[in-house]
Amino acid sequence: MVDTDSGWDGRGGRGSHGTRAMRGACAADAIPDRRVAAPDRRVALPGRRVAAVSLVALAALATGCEPGTATGAQDASPPARATQAAAPSPTRTAPVTEDAKPRTAPPPVPSASTAAPAPAPDPTTARPAPEPSTAPPPRVLMRTGAESDRVRELQARLRQIGHFGRNPTGYYGSVTADAVRSFQAKRSLPVTGSTDEVTWRRLLAMTRTPTAAELRPPTERPVAAPDERCLKGRVLCISKNSRTLAWMIDGRVVSAMDVRFGSEYTPTREGVFEVFWKSRDHVSTLYDTPMPYALFFSGGQAVHYSADFAANGYGGASHGCVNVRDKRKVAALFDQVRTGDKVVVYW
């Protein structure tokens, strides 16, 4: 048995009696030895070192006389030093074995799903989105259906630079709208077919002021040699071959203008006639179409102004009448012709 005089001095040293006692201990001696070891806890030892030594001794006795365990417990470094080494140091960390987990978990590796989002662009350097334009569209000066001297000037100017292929009529129809579209497209302007302020200013800058002959040429086509029946008196001399009308007095051409005729299904009659009725603002009761400045010479056929002819040229045909596309000229003709004047239609 081990007593208080066994040689254990409480400072971690090995006395000769103490070593032999620990190695020769058996299970039967474990219980008495606990009672003997108990007073050792009351031995005055400095601080935590006394408590650690007592716990090691009790653990050795309780395991049942295993020499390896007891010897290992005595051969180990003093518990107080182990406790101090285990304490975390502000500059050193405990070594980590292969299977052990580190005391402080390393920061997680960011994955694609948890990665921090890309930083937003600096609002001071980001380019602001363009604001929609609030400027009003340019004012339209002329559009389809208009009829004026300004339209005639537009046509004459377009003709100077090759966009209008006929004589000015003063009427803004589909032919004029197509010519304006052609001009706008070539100049990278909005292609609308209407003449707005921007289109008009660009056209004025590229052309010169039209002459009187350019604004009101006699005809688009050369006037045909008059039929001999047209050489005497007051005659409306109308040639289907040249598609012209010449207002003649005693063999002299007073004015000339382009005309078109009826189709093969509604042909214009040929022969010698006379004007039997004048109607300035006539409207056809058969076709419900306007026939301004109508000079009737054969049944329902008359010489009159045609807005369709002014707009579409020779792309169309009349229902038998002689259409004039120059409104000013046919208006002057209407004022000069009298009822009873001769009308000659020929090839």
Side-chain angles (χ1 to χ4, degrees), residues 152 166-171 211-287 289-310 313-314 316-347:
R152 185 181 295 276
R166 56 189 59 184
N167 284 343
T169 63
Y171 180 80
T211 63
E214 288 175 325
L215 291 171
R216 290 180 173 80
T219 61
E220 186 179 86
R221 301 171 179 272
V223 178
D227 186 275
E228 60 181 10
R229 293 170 291 183
C230 301
L231 299 178
K232 295 182 180 179
R234 299 164 59 91
V235 185
L236 292 173
C237 195
I238 302 168
S239 169
K240 283 188 172 181
N241 185 41
S242 65
R243 292 189 285 191
T244 58
L245 181 155
W247 167 232
M248 302 181 68
I249 299 176
D250 295 332
R252 179 178 62 89
V253 177
V254 177
S255 65
M257 56 205 73
D258 298 322
V259 294
R260 73 177 183 182
F261 307 98
S263 67
E264 59 178 326
Y265 303 105
T266 56
T268 302
R269 303 181 187 99
E270 300 164 20
V272 179
F273 311 93
E274 65 179 33
V275 176
F276 67 88
W277 182 35
K278 295 173 60 175
S279 179
R280 184 181 294 274
D281 299 310
H282 191 78
V283 177
S284 171
T285 56
L286 183 60
Y287 300 105
T289 54
M291 299 171 56
Y293 308 108
L295 301 168
F296 287 92
F297 61 89
S298 176
Q301 294 186 357
V303 174
H304 68 85
Y305 169 73
S306 169
D308 181 76
F309 182 28
Y314 291 100
S318 73
H319 293 101
C321 291
V322 178
N323 290 164
V324 180
R325 65 180 176 188
D326 191 320
K327 193 173 185 179
R328 176 173 291 189
K329 284 185 176 182
V330 74
L333 179 68
F334 181 86
D335 291 338
Q336 296 174 34
V337 173
R338 306 169 187 166
T339 302
D341 286 344
K342 186 190 296 184
V343 177
V344 178
V345 182
Y346 66 102
W347 279 100

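No hydrogens, no waters, no symmetry mates; every other heavy atom, side chains included, goes into these values.
By the 4.0 Å N-to-carboxylate-O rule, Asp335 lies close enough to Arg280 to be salt-bridged with it. Comment: Asp258 does not engage Lys329 in a salt bridge, judged by the lack of any side-chain N to carboxylate O separation of less than 4.0 angstrom. Remark: Arg260 engages Asp308 in a salt bridge, criterion side-chain N to carboxylate O under 4.0 Å.
Judged by distance alone, with hydrogens and angles left aside, the side-chain atoms of Gln301 form a donor-acceptor pair with the main-chain N or O of Pro267 at under 3.5 Å. At distances below 3.5 Å, at least one donor-acceptor pair connects side-chain atoms of Thr268 with backbone N or O atoms of Gly262. Here the side chain of Arg229 pairs no donor or acceptor atom with the backbone of Val272 at under 3.5 angstrom. With Lys327 contributing its side chain and Gly170 its backbone, the two residues share no donor-acceptor pair below 3.5 Å. Here the side chain of Arg234 pairs a donor or acceptor atom with the backbone of Gln336 at under 3.5 angstrom.
Nearest heavy-atom pair across Val253 and Ala246 is CG1-CB, 4.3 Å. Summarising the geometry of Cys230 relative to Val344, their closest heavy-atom pair is SG-CB, 3.8 Å, with the distance given to 0.1 Å. The heavy-atom pair separating Ala310 from Thr169 by the smallest distance is O-OG1, 3.8 Å. When every heavy atom of Met291 is checked against every heavy atom of Ala294, the shortest pair comes out as O-CB, 3.4 Å. What you find for Arg243 and Lys240 is that their closest heavy atoms are CG-O, 3.5 Å.
Taken from SG in Cys321 to CZ in Phe309, the straight-line distance is 13.5 Å, to the nearest 0.5 Å. Between atom CG of residue Asp341 and atom CZ of residue Phe276 there is a gap of 14.0 Å, rounded to the nearest 0.5 Å. Note that the CZ atom of Arg328 and the OG atom of Ser255 stand 13.5 Å from one another [nearest 0.5 Å]. Here Lys342 contributes atom NZ and Phe273 contributes atom CZ; the two are 12.5 Å apart, rounded to the nearest 0.5 Å.
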(message) As a quick check of understanding, evaluate side chain to side chain contact (heavy atoms under 4.5 Å, CB included) for Met248 and Val254, giving each step before the final call.
(response) CA-CA 5 Å; Met248 302 181 68; Val254 177; over 6 Å; no
(request) List the steps, then state whether side chain to side chain contact (heavy atoms under 4.5 Å, CB included) holds for Met257 with Trp247. (result) CA-CA 9 Å; Met257 56 205 73; Trp247 167 232; 5.5 Å; no
(message) Let's go through Phe261 and Ile238 carefully: what are the C-alpha distance in whole Å and the side-chain angles of both, what is the deciding distance for side chain to side chain contact (heavy atoms under 4.5 Å, CB included) to 0.1 Å, and is it a yes or a no?
(response) CA-CA 10 Å; Phe261 307 98; Ile238 302 168; 3.5 Å; yes
(request) May I have the step-by-step check of side chain to side chain contact (heavy atoms under 4.5 Å, CB included) for Lys278 and Thr339, ending in yes or no? (result) CA-CA 7 Å; Lys278 295 173 60 175; Thr339 302; 4.2 Å; yes
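Annotation: side chain of His304 is in contact with side chain of Asn323 (closest heavy-atom distance under 4.5 Å). Taking the side chain as every heavy atom from C-beta outward, Tyr314 and Arg166 never approach each other to under 4.5 Å. At a threshold of 4.5 Å between non-hydrogen side-chain atoms, the residues Leu333 and Leu245 count as touching. A 4.5 Å side-chain heavy-atom check between Cys237 and Tyr346 finds at least one atom pair inside the cut-off. With a 4.5 Å cut-off on side-chain heavy atoms, Pro226 and Leu231 count as touching. Residues Glu270 and Trp347 form a side-chain contact, since some pair of their non-hydrogen atoms from C-beta on lies under 4.5 Å apart. With a 4.5 Å cut-off on side-chain heavy atoms, Arg152 and Asp326 count as touching. Side-chain atoms of Arg269 and Val345, non-hydrogen and from C-beta on, never get closer than 4.5 Å to each other.
Using bins of under 30°, 30° to 60° and over 60° for the plane-to-plane angle, the ring pair Trp277/Phe296 lands in the parallel bin.
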